[in-house]
Each structure stands twice: as structure tokens, then as C-alpha cells.
Amino acid sequence: MATTLDYEPITLPSLDGQEAPLSAIQEEILRLKKERNAVILAHNYQIDAIQRVADYVGDSLGLSYRAAEADADVIVFCGVHFMAETAKIVNPTKTVILPDMDAGCSLSDSCPAEKLAAYKEANPNLYVVAYINCSAGVKALSDVICTSGNAMKIVEHVPADREILFVPDQNLGQWVAKQTGREMRLWPGSCYAHVLFSVRALEKLRTQFPDAPVVAHPECVEAVRDFADEVCSTEKMIHYCKDHPSREIIVVTETGMLNRLRREIPGKVFIAGPTDNCACNDCRYMKMNTVEKLRDCLRDLSPEITMDEDIRAAAYHPIKRMLDWSR
Ligand code: 13P
Ligand code: SF4
């Protein structure tokens, strides 16, 4: 017998090509973008109104490549601070702006550069693989960067005789260790939003959608990853959902992901992965960006990402290594 749900899961119907016309603010953004010779890069977790005016919407890996290749004068990064910082590290001469400077990341916060420096000093010879969700200071102390889209490939490239310290996400690190069979020390950080998804809530949801496959982000805890039919980065979710024959799919990651899935895969129904207390799972940092703030930052070219040149130069090498290794 089906269990009663104690919440209403979010189900977004297909748009079937019926997109609303752009608003006056969105039109203004497109005009300012031209005037400034700017490119707008947006993460998959951004609100739909931002995704619709972006030149490129993607995961952290795709965005890193786009940032590295950008030939505009201004890069507007609609994502969180570490993403905009990464764009600045690979584009020191360009103006990189972020709609809200307070758009941080709990994972990044869980690994302050001073703590990592102290750990490395006490444990020399570690090979540091850093998930891109970290500050420029942490990147500068790392040997190579990875994203959820290339983490396995990157770890497989690390010389076999080196002991790996994986920072800052213990969940992604644990998943990569399991997939690759490579033992690693794991920094005890996590994404506050992804760890809220639970197997208990997923089991309840499955009673309502028994045939819907579950696709989850590797930042989820191990029990949720084990429950899922597929674990992958946000970009790979697009391919998984396109290719899967099911009309209904449960997507266990931040809800902004559903915007892109709806737009690019009309005709399917995407169900937001549930937590124990609600059916929503917004990253409060990703959702700090609004169309108004995007318009204002393009108009004022502020807030702008700046950083110490020594840190930028040191952080560049592990990012470059990642871009080379994951091609
Ligand atoms: P992706 O690399 O899959 O885009 O994920 C980034 C992120 O912040 C997940 O929480
Ligand atoms: Fe950071 Fe989690 Fe938000 Fe991604 S979803 S930006 S990992 S806090």
C-alpha cells in the first residue's frame, strides 16, 4: 500500500516550447551585455530568469572551460563566489563580476586556506586534489583541481605512489574513492544543501512514482548515492535524462537544475529530490543572484572579483592541470 506523503513534491510540467517573453529587466540585461562587450555565464542552479539571458549555462567544468576561452572584456558570473574567482584566475586581465558578492558556498567555507596549510605542514608529501568548490587560497595550495564532472579522471591521473588528500567534500571524495579503488584522505567538509536529501524521503516519493529513475549528485551522502540509479554531475544529468526512456525522473540536486531540464527536455516530468522536511532544496547562496542584481552589476561593473596576484598565479597551475587532464 502506498505511504502518504507528508509534503507535496515539486513536479514541473513540460514547457512544450511555451516560454514566456523576456521581461523589461531581461531586455535591459541583454542591451547592457552588448554595450559592455560582456559574456554571461550561469550555473545550472541559477533561477530560470537568469538562465534565459545567459550565453552559456552549465556545470562547474563546462563553465571553467567557457571562462578560460572567453574573449569578451567582461565576464559576468551568475553562480557563487568560488566560480567567479576561478574565472578571474584564468582571466587576470578581464573584469569579472558577480551579481552578489555574498553568494558563497558551505563547502568552500569548510576548508579555510590556513587550516589546509597547517595540515599540509604536519603531513608533508600529500598530493592535494581539490574540488573546485574552494577558495583561491585553497586552490593555490593544491596540486590539481577537479569538478564533479571529471573527479574520477583526475584522480586516475595522480601518480600511483602519491598519497592523496581530497578537499573539501568528503562525500564526493568518498564516491570517487569507491569508483576508482584509490584510497584517499578526506577533508571533513560537505554541502549543507545536498546532505539534506534522505533515503527515507526518497522511499516515500518512490511509492508515488514507482517507475521513475533517481539521478543524484555525488555531494549527496552515501546512502542516497547507493539508492540512486545514477550518480553524476549536473551536466551529465542532462544527458542521463535525455537518454532515459522514462517520462518521469527524480532529480536529487539543487532545484535550479530542473529549470534547464524542463527547457531542454520538453515532454518529460522532473521531480525534485526530497528531504525529510520539505520537497524543496534550494542552495541559499546560488539563489542570492537575481535579475535585478545581474542588471545592476552589468550597469556598474561591480561587485568585481579581485585577488592577490601571488595567490592567483599559484592557483592557476592546478586549474590548468585539470583543464589539460580532463580534455
Ligand atoms: P557541478 O559541478 O555538478 O555543476 O556542481 C557544482 C555544485 O556546486 C554542486 O553543488
Ligand atoms: Fe556550495 Fe552546496 Fe551551494 Fe553547491 S549547492 S554552491 S556545494 S552550498
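Quick note: numbers below take in every heavy atom, side chains included, and nothing from hydrogens, waters or symmetry partners.
- Proximity of a side-chain donor or acceptor of Trp187 to a complementary backbone N or O of Ser110 within less than 3.5 Å is detected.
- A donor-acceptor pair is defined here as one N or O able to donate and one able to accept, closer than 3.5 Å; no such pair exists between the side chain of Glu203 and the backbone of Arg200.
- The pair Lys287-Glu254 counts as a salt bridge, with a side-chain nitrogen and a carboxylate oxygen less than 4.0 angstrom apart.
- Using a 4.0 Å cut-off between charged nitrogen and carboxylate oxygen, Lys236 and Asp59 do not count as a salt-bridge pair.
- Side-chain contact between Val129 and Met184 is absent, with no heavy-atom pair separated by less than 4.5 Å.
- Salt bridge status for Asp71 with Lys94: absent, with no side-chain N to carboxylate O gap under 4.0 Å.
- Put simply, the side chain of Ser148 does not reach to within 4.5 Å of the side chain of Glu219, judged on heavy atoms.
- A distance-only check finds no donor-acceptor pair linking the side chain of Asn150 to the backbone of Cys146 [under 3.5 Å].
- Cluster membership for Phe82 and Met288, using ILVMFWY side-chain heavy atoms within less than 4.5 angstrom, is shared.
- Side-chain contact between Val155 and Ile164: present, with at least one pair of heavy atoms (C-beta onward) separated by less than 4.5 Å.
- Rounded to the nearest 0.5 angstrom, Leu301 CG and Cys297 SG are separated by 8.0 Å.
- Side chain of Asn91 to backbone of Ala67: a donor-acceptor contact under 3.5 angstrom is found.
- Between Tyr240 and His244, the ring planes are tilted. Angles from 30° to 60° get that label.
- Within the model, atoms CD1 of Ile305 and CE of Met83 stand 12.0 Å from one another, a figure rounded to the nearest 0.5 Å.
- Under the 3.5 Å distance criterion, with hydrogens and angles disregarded, no donor-acceptor pair is assigned to the side chains of Arg52 and Asn259.
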Verdict with supporting geometry, Ile238 and Glu264, side chain to side chain contact (heavy atoms under 4.5 Å, CB included):
CA-CA 8 Å; Ile238 301 279; Glu264 293 188 18; 3.9 Å; yes

Residues Val214, Phe227; criterion side chain to side chain contact (heavy atoms under 4.5 Å, CB included); working and verdict
CA-CA 8 Å; Val214 174; Phe227 185 88; 4.2 Å; yes

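- Ala87 and Ile75 make their closest contact through CB-CG2, 4.4 Å (heavy atoms, listed as atom of the first residue, atom of the second, distance).
- Under a hydrophobic clustering in which Ile, Leu, Val, Met, Phe, Trp and Tyr are joined whenever their side-chain heavy atoms come within less than 4.5 Å, directly or via other members, Leu165 and Ile319 fall into different clusters.
- Cluster annotation: Val57 is not connected to Met257 through the hydrophobic network of ILVMFWY side chains, with a link wherever side-chain heavy atoms come within less than 4.5 Å.
- A single hydrophobic cluster is not seen to contain both Val231 and Leu196; linkage of ILVMFWY side chains at heavy-atom distances under 4.5 Å, directly or through other members, places them apart.
- Residues Tyr316 and Arg321 bring no donor and acceptor atom of their side chains to less than 3.5 Å of each other.
- At a threshold of 4.5 Å between non-hydrogen side-chain atoms, the residues Leu294 and Cys78 count as touching.
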side-chain hydrogen bond (donor to acceptor under 3.5 Å, both in side chains) for Asn123 and Arg185? Distances and angles first, verdict last.
CA-CA 11 Å; Asn123 301 273; Arg185 292 194 198 190; 3.0 Å; yes

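- Both Ile271 and Phe197 belong to a common hydrophobic cluster when Ile, Leu, Val, Met, Phe, Trp and Tyr are linked at side-chain heavy-atom distances under 4.5 angstrom.
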Test side-chain hydrogen bond (donor to acceptor under 3.5 Å, both in side chains) on Arg225 and Gln174; report intermediate values, then the result.
CA-CA 11 Å; Arg225 297 195 311 267; Gln174 186 190 44; 2.8 Å; yes

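- Within 6.0 Å of CD in Glu121 there are 12 or fewer heavy atoms belonging to other residues, nucleotides or ligands.
- Ring pair Tyr45/His194 is tilted by interplanar angle, where 30° to 60° counts as tilted.
- Atom OG1 in Thr93 sits 7.0 Å away from atom NZ in Lys88 (nearest 0.5 Å).
- A side-chain donor-acceptor contact under 3.5 Å links Gln51 to the backbone of Gln46.
- Shortest non-hydrogen contact noted between Lys139 and Pro318 is O-CG, 3.3 Å.
- We find that Lys293 and Asp296 are not joined by a salt bridge, their nearest charged nitrogen and carboxylate oxygen being 4.0 Å or further apart.
- Distance CG/Asn44 to OG1/Thr234: 4.0 Å, rounded to 0.5 Å.
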Test salt bridge (charged side-chain N to carboxylate O under 4.0 Å, His left out) on Asp55 and Arg66 and set out the steps.
CA-CA 10 Å; Asp55 295 287; Arg66 286 301 186 286; over 6 Å; no

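- Here CZ of Arg262 is found 14.0 Å from SG of Cys241. Values are rounded to the nearest 0.5 Å.
- For the pair Tyr65 and Leu323, the minimum side-chain heavy-atom distance is below 4.5 Å.
- Val215 has its side chain out of reach of Ile250: every pair of non-hydrogen atoms, C-beta onward, lies at least 4.5 Å apart.
- Contact record, Leu116 with Cys111: CB-SG, 4.2 Å, taken as the closest heavy-atom pair.
- Using modelled atom types, one side-chain atom of Asp308 and one backbone atom of Asp310 make a donor-acceptor pair closer than 3.5 Å.
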Assess the residue pair Lys120 and Leu126 against the criterion (side chain to side chain contact (heavy atoms under 4.5 Å, CB included)); give the C-alpha distance rounded to whole Å, side-chain angles, the decisive distance to 0.1 Å, and a yes or no.
CA-CA 7 Å; Lys120 281 183 68 177; Leu126 290 171; 5.7 Å; no

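- Nearest heavy-atom pair, Ile97 versus Glu304, reported as atom, atom and distance to 0.1 Å: CG2-CA, 4.0 Å.
- Shown here for Pro218 and Cys232, the closest heavy-atom pair between the two residues is CD-O, 3.2 Å.
- Look at Asp324 and Lys320 and you find a salt bridge, because one of the NZ, NE, NH1 or NH2 atoms lies within 4.0 Å of a carboxylate O, short of that distance.
- Between Thr86 and Ser64, the closest heavy-atom pair is CG2-OG, 4.3 Å.
- Using a 4.0 Å cut-off between a side-chain N of Lys or Arg and a carboxylate O of Asp or Glu, Glu248 and Lys268 do not qualify as a salt bridge.
- Not a single donor-acceptor pair under 3.5 Å links the side chain of Ser142 to the backbone N or O of Ile145.
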Between Val74 and Val39, does the side chain to side chain contact (heavy atoms under 4.5 Å, CB included) criterion hold? Intermediate values first, please.
CA-CA 6 Å; Val74 177; Val39 63; over 6 Å; no

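- Here Arg206 pairs with Asp229 in a salt bridge; the nearest charged N to carboxylate O distance falls below 4.0 Å.
- Atom CZ in Arg36 sits 9.5 Å away from atom CZ in Arg299 (nearest 0.5 Å).
- The shortest side-chain heavy-atom distance between Leu61 and Ser326 falls under the 4.5 Å cut-off.
- Using a cutoff of 4.0 Å between basic side-chain nitrogens and carboxylate oxygens, Arg31 and Glu27 are not scored as salt-bridged.
- For the pair Arg260 and Glu235, the salt-bridge criterion is met [side-chain N within less than 4.0 Å of a carboxylate O].
- Not one N or O on the side chain of Arg182 forms a donor-acceptor pair closer than 3.5 Å with the backbone of Ala177.
- Judged by distance alone, with hydrogens and angles left aside, the side-chain atoms of Ser106 form a donor-acceptor pair with the main-chain N or O of Tyr192 at under 3.5 Å.
- Proximity of Arg263 to Asp48: side-chain heavy atoms (C-beta onward) are separated by under 4.5 Å at one or more points.
- The closest donor-acceptor contact from the side chain of Asn37 to the backbone of Ala72 lies at 3.5 Å or more, if one exists at all.
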